[in-house]
Amino acid sequence: MATRPFDVDGSPLFVAEGIFAAEIVEECRRRGLLAGAYALRRPRGATFLRRLARDLSEQRKAPRVLVRRGVALLRAEPAVLRRQTGLGAEAARAREVLRRVAGLLAGHHPHG
């Protein structure tokens, strides 16, 4: 895995997002940088349809390949969420994550 340093000095908080963001949860917690760690819990069917519509519009691959890939990702999603929560992220809906991040920016406790 490649690494690269980044500096958060002077920043009230930083956001790491993406499928691999949970990989840094434990280290951020150890360094006292963790205000919250969340893995988005979304309706799987809606995610499948959004992803398929995006990929079809971008003509990434043949439609049959995109559907097959989408179904595989749909089936894998619960395991991905379990892995992220196992690494210390809390499963939450997008609206809840946005509410908590807004609270952090306003200077409130992350679960307040």
Side-chain angles (χ1 to χ4, degrees):
M1 178 186 323
T3 62
R4 85 176 175 179
F6 68 101
D7 186 1
V8 295
D9 288 341
S11 299
L13 58 97
F14 74 94
V15 174
E17 69 83 25
I19 194 163
F20 298 111
E23 302 288 339
I24 66 171
V25 168
E26 188 174 319
E27 183 65 17
C28 288
R29 182 176 286 122
R30 187 184 72 72
R31 292 179 184 217
L33 298 172
L34 189 68
Y38 310 103
L40 286 182
R41 183 181 354 181
R42 293 183 166 169
R44 290 170 44 204
T47 300
F48 169 80
L49 291 174
R50 269 195 311 274
R51 182 184 295 127
L52 183 61
R54 179 201 65 204
D55 292 349
L56 287 171
S57 73
E58 294 176 5
Q59 300 178 349
R60 292 175 173 223
K61 292 183 169 74
R64 183 182 327 199
V65 172
L66 295 175
V67 169
R68 199 169 33 240
R69 176 182 169 268
V71 169
L73 290 171
L74 176 80
R75 289 181 178 149
E77 195 168 319
V80 170
L81 189 60
R82 277 193 306 276
R83 182 174 188 288
Q84 291 173 328
T85 57
L87 289 169
E90 177 185 345
R93 299 261 184 220
R95 181 172 288 148
E96 177 64 14
V97 172
L98 291 172
R99 186 185 71 73
R100 290 182 185 186
V101 170
L104 288 169
L105 288 170
H108 299 106
H109 188 275
H111 296 288

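Position 1 is the first residue of the sequence, and the numbers go up from there.
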[atom1]-[atom2] distance between [X] and [Y], expressed to the nearest 0.5 angstrom:
| X | Y | atom1 | atom2 | result |
| --- | --- | --- | --- | --- |
| Leu87 | Ile24 | CG | CD1 | 11.0 Å |
| Arg99 | Glu96 | CZ | CD | 4.0 Å |
| Thr47 | Leu52 | OG1 | CG | 12.0 Å |
| Glu90 | Leu40 | CD | CG | 11.5 Å |

Please answer: with hydrophobic residues joined when any side-chain heavy atoms are less than 4.5 Å apart, are [X] and [Y] in the same cluster?
| X | Y | answer |
| --- | --- | --- |
| Val15 | Leu98 | no |
| Leu34 | Tyr38 | no |
| Val97 | Leu81 | no |
| Leu49 | Leu56 | yes |

Write out all pairs satisfying side chain to side chain donor-acceptor pair (under 3.5 Å) with one or both partners inside residues 17-28, taking only residues at least two apart or from two chains.
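Every side chain to side chain donor-acceptor pair (under 3.5 Å) pair that includes a residue of residues 17-28, provided the two are not neighbours, is Glu23-Arg83, Glu27-Arg30, Glu27-Arg31.
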Show the nearest heavy-atom pair for residues [X] and [Y], with the distance to one decimal.
| X | Y | answer |
| --- | --- | --- |
| Arg93 | Pro43 | NH1-CD, 3.6 Å |
| Thr85 | Ala91 | CG2-N, 3.8 Å |
| Val25 | Ala37 | CG2-CB, 3.6 Å |

Report, as yes or no, whether the 6.0 Å neighbourhood of atom CD on Glu58 holds more than 12 heavy atoms from other residues, nucleotides or ligands.
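Yes, CD of Glu58 has more than 12 neighbouring heavy atoms, counting only those of other groups under 6.0 Å.
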Listing, residues 69-80 side-chain donor-acceptor contacts under 3.5 Å, not counting sequence neighbours, or none:
{"unit_1": "Arg69", "atom_1": "NH1", "unit_2": "Asp55", "atom_2": "OD2", "d": "3.0"}

Residue pairs meeting salt bridge (Lys or Arg N to Asp or Glu O under 4.0 Å), one or both in residues 32-54, sequence neighbours left out, come to none
Ala21: partners by side-chain contact (heavy atoms from CB on, under 4.5 Å), with sequence neighbours left out
Ala16
